[in-house]
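Just so you know, these numbers use all the heavy atoms, side chains as well, and skip hydrogens, waters and symmetry mates.
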Protein chains: 2
Amino acid sequence: MDAPPAPRAPADGTRTRIVRAAAVLMQRQGYEATGIKRIAQDAGATLGSVYHFFPGGKKELAVEALRHGAQEFTDLLRTGLDSSDDPAEAVAECARLLARTLRDSDWTDGCPVAATALEFIGRSPAIQLASEEALGRWRELLAGKLGAAGISDEVARELACSVLSTLEGAELLCRVSASEEPLHIAGRHLARLIRSF
Amino acid sequence: MDAPPAPRAPADGTRTRIVRAAAVLMQRQGYEATGIKRIAQDAGATLGSVYHFFPGGKKELAVEALRHGAQEFTDLLRTGLDSSDDPAEAVAECARLLARTLRDSDWTDGCPVAATALEFIGRSPAIQLASEEALGRWRELLAGKLGAAGISDEVARELACSVLSTLEGAELLCRVSASEEPLHIAGRHLARLIRSF
DNA sequence: GTCTATATCTCGATAGAC
DNA sequence: GTCTATCGAGATATAGAC
C-alpha cells in the first residue's frame, strides 16, 4: 500500500491552484483590482493555462472562485455551529471563529463573496447569482441549526437572515477598523436575540 | 429682492458635481470599476477639470467622494432616528428608509463606503481611514440616540455597533437578492434586541 | 478654469510553438 | 497542457493652448 497523500498535496491540479489563488485575491480586494496575470503568478501557473481551463476568461474564473470560497466559508460556519447544541452559543462561536480568522490573516480573509458581489450588483447576472446562492446556503445552514433546536421554521428562517446580516456587517466593521470588537459584540447580541425566542 | 435659488441649483460648482458623480459611481460599483473619464462625463465636466480640482488623481477624488457619500448617509440615518422618541422604533424606521431607498434605486444606492472600503483593506491608509471615520460617525450617531433614551453609555455604544453591523449586512443581502426582506427582518429584530435592555 | 490631444502603462485576451 | 510573445483596448495621468 502506498503512503497516504500529504494533507496539502503539492500535486494539486493546476486548475485547482488557479481557482484557489483567484478566490483569495478576490476575497481580499474584489474582482476589478485582481488581474489575471497576478492570479496565474500566485497559482504558479502561466497565462496560457488560465485560458486553457477557463476559455470564458476572467468572469468565468470568478464565478468558480466565488463557489470555491463559498464552500470554505460554509465549512467554517459548520465548524462553529457544530460546537454546541445550544444555537445561541453556536452562533457566538461562529462569531469568535470569524474574528480569529480575520485577525490571523491581517484582516484580509473575510467573507469570500462580499467585495466582488458589491462590485456587480445589477451588472452581471452570473456573478450576482453565484453570490446569491452562497448567501442563501449560509442562511439555510443557520436556519437548520435554529430549527433543530426547536425554533419554528418561520422564526428560524427569519432569525437566520438577521444572524447572517449581522455577521456580514460585523466582518466589514472589523476589517475596516482592524479590530475584533464588532464581531465579539455581535456574537453576544445575537446569542441574546436567539435566546429571546 | 432676487428670486430664491432653485432647490437643486444648476449652477452647482464643477468641483461639487465631480465629487457627487464619483460618490454615486463608487457606491454602485466600487472604486476600481469606476473610470475617471466616466466620472467626468457624468459630472458634465472634462478630464482637465477633474485633475485641476484633484491634482492627487483618482485616489484623492475617491477620499472626497467617500466623505460626501458618508454625509448623505448620515442625513438619512438622522431622518430615521428623528422619527420617534423610542429608539427601537427609530432604528426600525432607519431600516425601512434604507430598504425603500435601495428599492427605488434598483438596489444601487446602498452604503456609500462598503464597496470601496472592501477593495482597500490594508492597501490604502487614506481610503481605509475615510471609511473608518464614516462608520465611526454612524456608530456615534446611533449610540447618541440610544443613550438619550436612558440606556447606559457602555451598553449604548455596544448596541450601536451591532445595529450598524446588522444594517450594513442586511443592505448587502438586500442588494444581492434584490429584495427588501433582509432589511425589514433586521429592523424587527433590532427593535426587539434594543427593547430587551 | 476649461478643453483637446496625447503619453504611458496595464489590462484581458489571443496565437502558435512545443 | 504549458509556455512566450504580442495584440488592441482602455486605464490614469500629463501637456499646453485658450
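- Put simply, CD on B:Glu60 is 10 Å from P on D:dA13, counting in whole angstrom units.
- The residue among A:Thr46 and A:Lys37 whose nearest nucleotide of DNA chain D lies closer to the 5′ end is A:Thr46.
- Here D:dT4 presents its P atom at 12 Å from CD of A:Gln41, a figure rounded to the nearest Å.
- Distance CZ (A:Phe54) to P (C:dT14): 15 Å, rounded to an integer number of Å.
- The local environment of CZ in B:Arg38 is sparse, with at most 12 non-hydrogen atoms from other residues, nucleotides or ligands closer than 6.0 Å.
- Comparing D:dT12, C:dG12, C:dT2 by their nearest atom to the side chain of A:Lys58 picks out C:dG12.
- Salt-bridge annotation for B:Glu181 and A:Arg139: present, with a side-chain N of the basic residue lying under 4.0 Å from a carboxylate O of the acidic one.
- Defined by atom type and a distance below 3.5 Å, a donor-acceptor pair is present between the side-chain atoms of A:Thr34 and A:Gln29.
- Considering only the side chain of A:Ser49, D:dT2 comes nearest among D:dT2, D:dA13, C:dT2.
- The side chain of B:Ile36 lies closest to D:dA13 when the candidates are C:dC3, D:dC3, D:dA13.
- An OP1 or OP2 oxygen of C:dG1 is reached within less than 4.0 angstrom by no side-chain nitrogen or oxygen of B:Thr14.
- Rounded to whole Å, atom P of D:dA13 lies 10 Å from atom CG of B:Leu61.
- When the nucleotides D:dT2, C:dA13, C:dG1 are ranked by their closest atom to the side chain of A:His52, D:dT2 comes out on top.
- Look at A:Arg96 and A:Glu93 and you find a salt bridge, because one of the NZ, NE, NH1 or NH2 atoms lies within 4.0 Å of a carboxylate O, short of that distance.
- Using a 4.0 Å heavy-atom distance criterion, A:Gly57 is classed as a sugar-phosphate-only contact.
- The interatomic distance linking A:Ile18 (CD1) with D:dG1 (C1') rounds to 11 Å, in whole Å.
- To the nearest angstrom, C1' of C:dC11 lies 11 Å from CG of A:Leu47.
- Spacing between atom CZ of B:Phe53 and atom P of D:dA13 amounts to 17 Å, rounded to whole angstrom units.
- Interatomic distance, CD1 of A:Ile121 versus CG of B:Asp109, reported as 12.0 Å (0.5 Å rounding).
- Rounded to a whole Å, the CZ atom of B:Arg15 is 12 Å from the P atom of C:dT2.
- Projected onto DNA chain C by closest heavy-atom contact, A:Gly35 and A:Gly48 fall at different nucleotides, the more 5' of which corresponds to A:Gly35.
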